[in-house]
Every structure is written in structure tokens, then in C-alpha cells.
Amino acid sequence: MIADPALDTLLLPLASGALEWPAPGGCLFLRARTGPALNAARRHRPVCEQGFKPWADALDRDGFAVSESNTGRFGLVMLLAPRQRDESRALLARAVDQAGHGGVVLACAANKEGARSMQDDLERLTGSVHVLGKNHCRAVWTTPLGDSVDSALLAQWRELDAPRPILDGRFRSRPGLFAWDRIDAASALLAANLPTDLAGEGADLGAGWGYLAAEVMDRCPGVTALDLYEAEARALALARINLAGRRFTPGLHWHDVTAGLPRRYDFIVSNPPFHQGRADQPELGQAFIGVAAQALRPGGRLCLVANRHLPYEQALARGFGEVSKLADAGGFKVIHAVKAGA
């Protein structure tokens, strides 16, 4: 299992006795991830919330109650704080709301992912906090919440994660998503070089908040159906809004693409992820290519954009009979591949 220093550090105040677990089921864990440290605390039955499908699936396999969202009050609300500041502040505000009067909020972040800022924000919001640093991470927790909570700041921060118009109102997005406030250069290059004769039933792998799917629907009149596969539930919810009212209703699937697709397609488009965190993980994009090759019908077409340096050529050669480059600009390459057997 991959090491998870932030998760390990988050649970240290509970393991050491500096904090006590509430009764089983009385802890809400926002942005939860599984791992040995959480498994060791299984008897406390934390209620886990995770909108990223691979991590949600891992929690489910380990036997934790997991959902995309939860309501109600909890004696302890834990969270692994995201790096993006507005998203983190909104999550802290939500944790305070769901802990309520007398509850405790416990948060953690890696030092290089904004731990100090997260500590300052939680202290501003709730008053004094306790801090434990280890594993290049920082766990921060409140005293039982009461009158020291800044209600005006709480109201302000609740709204920081709300969907909002971007790009002159053409789309809606929210902080923390990939390229949340812009069209990223790779997707723009792929859209500009989409073959307009794409037709039939297609899929967008790693669809995000829906930009590339919108371009396919606008540029390719022969497309009759389009399924979006996206692992991040927060992005998929926005894709539903951004693609409403078009000439057909796309299929939306909260799904881990690397697990394979449930059906076959005439074409696939993708700007696949190539990292989690800061380190390159080209195996993610290679897995997307392998899944696309399996899911395409004979003669089916893949249109893919990637950073120029990523080693995708072998994966493309294994899965496709014909591979060509449609564009090479700005550090990105657009690939068109056709599955053999037409």
C-alpha cells in the first residue's frame, strides 16, 4: 500500500489520547482515504465521505461506510485538507457546521501542501487550536466548539466552494477542480484539432467539468451519443449543468476509468490525468489508452492529448493499428489512433 503521511498524522492525536473518539458512528471523515492507520481504528466506525471514485472504492473494499455527501451533526469531524485555499476554507467551514456546538474539528495537511495556511485558517475560524507536527505534515484540532467561532467568517467561507460562472458565463465551475477557472491548454489544443467527422456513439474519459464534451457535441454533428466518465464527483455534477439543454443528453458516469468501461464505442476522446499530487504518473495515461483500446469497436478512433514528454507511444502501438499525430504545439501532442479490425 502507498504511504499516506497525511492520513497517518491526522490520526495521531486520537492514537495518542490527545483526543478521544466519540461513540461509534459519531465521527465524520471528510475527504477520507483508507490505509493502515484508519483500519486500526475500524471499531470506531467513522462515517467516510469521498468524492474521488478510486479512493471511495478503496474505502468500501476496506469495509467503511462511505458516501459522496452526508448531513447531520457529529461529535468529531476530521478532514484531509485540499491544497486549493478557497476549497480548503469551504471544507473547514463545513466541518465546523457539522461538528456544531461542543464538537471538535481535526484537520491535517502536508507541509508542502499548505499545512501552515490551513492551521491559520482554522484558528481564525474557531479560536485557539492544538497542533501536532510529524511526517512533514501538520494535524490541527480545535477545542470543543462554542462562542469563539467567528460566525461572519463562517458564513463567508461556506460560499467559497459554490459553483460559479466562468468564461463569460459559458460554463460553471468551482475551486479545486483541474483547470477550474479556465480552459487548460491541452484540452484547447485537442478541441481545435478534433476530426469533425467523428460520428456515432462516443465517450470522454476523464471528462472533468465538461469542456471537451461540449466541444465534441458542437463540432461533430455526426455524434449521436456521448458518455462522460469522471472520477471526481464534484466535477461530474458541474458537467451535468454545463451540458444541459444540448441536442442530446449525455450519459454521466462517476467511474474509475482504469477499472475498464462497461460497453463499446465508435470513438473516444481524452485528456487523461498524468499525476496525482505533484509527481508524474504516466502509467495513468497508459492505463487510459489500454482501456480505450479495449472499449473501442473495430475501426474505432481515439483522439488523445498529452504532454509531449509522456511515454505513451508503446501503449498506443499495443492497442491500435494506426497511430498519427494531429498537432504538436505548446508542449502538447494530439494523437489520433485507429483500432485494427475494421
Side-chain angles (χ1 to χ4, degrees), residues 1-83 88 91-92 94-100 102-116 118-119 122 126 129-145 231-233 256 258-259 276-279 281:
M1 183 173 288
I2 298 174
D4 194 336
L7 176 63
D8 294 344
T9 306
L10 176 76
L11 295 172
L12 281 177
L14 292 158
S16 69
L19 270 178
E20 291 188 3
W21 286 96
C27 171
L28 174 63
F29 187 2
L30 302 175
R31 306 293 171 88
R33 298 194 292 262
T34 191
L38 188 64
N39 281 317
R42 185 191 306 275
R43 69 186 184 279
H44 301 290
R45 299 205 307 271
V47 176
C48 297
E49 182 176 311
Q50 177 54 257
F52 184 59
K53 193 64 164 66
W55 292 345
D57 288 345
L59 285 159
D60 183 66
R61 287 193 298 269
D62 281 352
F64 292 98
V66 58
S67 66
E68 293 178 55
S69 62
N70 292 273
T71 58
R73 294 289 179 88
F74 295 81
L76 173 65
V77 180
M78 306 191 301
L79 64 104
L80 291 167
R83 184 181 178 196
S88 176
L91 196 64
L92 290 173
R94 186 180 156 206
V96 169
D97 279 335
Q98 292 201 247
V104 172
V105 173
L106 168 63
C108 187
N111 291 341
K112 65 182 180 181
E113 300 290 338
R116 180 69 211 204
M118 180 271 293
Q119 176 187 333
L122 188 57
T126 67
V129 295
H130 304 280
V131 182
L132 186 157
K134 195 164 184 175
N135 304 318
H136 304 289
C137 299
R138 191 173 302 201
V140 184
W141 65 98
T142 68
T143 55
L145 298 174
E232 178 53 65
D256 177 4
T258 65
Q276 288 182 6
R278 297 187 178 187
Q281 290 185 285

Inset, instruction - Write down the atom of Val77, the atom of Gln98, and the distance for their closest heavy-atom approach. - result: CG2-C, 3.9 Å
Inset, instruction - For residues Leu132 and Trp141, determine if any side-chain heavy atom of one lies less than 4.5 Å from a side-chain heavy atom of the other. - result: yes
Legend entry - For Phe64 against Cys48, the heavy-atom pair lying closest together: CB-SG, 4.0 Å
Inset, instruction - Please determine which of Asn135, Leu7, Leu11, Thr9 meets the side-chain contact (heavy atoms from CB on, under 4.5 Å) test together with Cys108. - result: Thr9
Legend entry - Side-chain touch Lys134/Asp8, heavy atoms, less than 4.5 angstrom: no
Inset, instruction - State whether the number of non-hydrogen atoms from other residues, nucleotides or ligands found under 6.0 Å of His136 atom NE2 is greater than 12. - result: no
Inset, instruction - Examine distances only and state if a side-chain atom of Glu113 and a backbone atom of Arg83 form a donor-acceptor pair shorter than 3.5 Å. - result: no
Legend entry - Any side-chain heavy-atom pair of Thr34 and Val66 under 4.5 Å: no
Legend entry - Spacing of CZ belonging to Phe29 relative to CG belonging to Leu59, to within rounding of 0.5 Å: 8.0 Å
Inset, instruction - For the residue pair Leu28 and Arg73, establish whether any side-chain heavy-atom pair is separated by less than 4.5 Å. - result: no
Legend entry - Heavy-atom pair of closest approach, residues Ala107 and Met118: CB-SD, 3.7 Å
Inset, instruction - Would you name the heavy atoms of Ala109 and Ala115 that are closest together and state the gap between them? - result: O-CB, 3.4 Å
Legend entry - Euclidean distance, Lys53 NZ relative to Asp256 CG, rounded to 0.5 Å: 7.5 Å
Inset, instruction - Look up atom CG in Asp62 and atom CG in Leu38, then write down how far apart they are to the nearest 0.5 Å. - result: 8.0 Å
Inset, instruction - For residues Gln50 and Ala56, report the shortest heavy-atom separation together with the two atoms involved. - result: CG-N, 3.6 Å
Inset, instruction - Using side-chain contact (heavy atoms from CB on, under 4.5 Å) as the criterion, point out the one residue from Arg138, Arg33, Met78 that pairs with Leu10. - result: Met78
Inset, instruction - Nearest 0.5 Å please: distance from the OG1 atom of Thr71 over to the CG atom of Asp97. - result: 12.5 Å
Inset, instruction - Taking the side chain as every heavy atom from C-beta outward, state whether Trp21 and Cys27 have any pair of such atoms under 4.5 Å apart. - result: yes
Legend entry - NZ/NE/NH1/NH2 to OD/OE distance under 4.0 Å, Arg61 and Asp57: no
Inset, instruction - Find out whether Thr126 and Val105 are in side-chain contact, i.e. whether some heavy atom of one side chain is under 4.5 Å from a heavy atom of the other. - result: no
Legend entry - For Gly25 against Val47, the heavy-atom pair lying closest together: O-CG2, 3.9 Å
Inset, instruction - Using a 4.5 Å cut-off on heavy atoms from C-beta on, say whether the side chain of Pro13 contacts that of His130. - result: no
Inset, instruction - State, yes or no, whether a side-chain contact exists between Leu106 and Leu14 at a heavy-atom distance under 4.5 Å. - result: yes
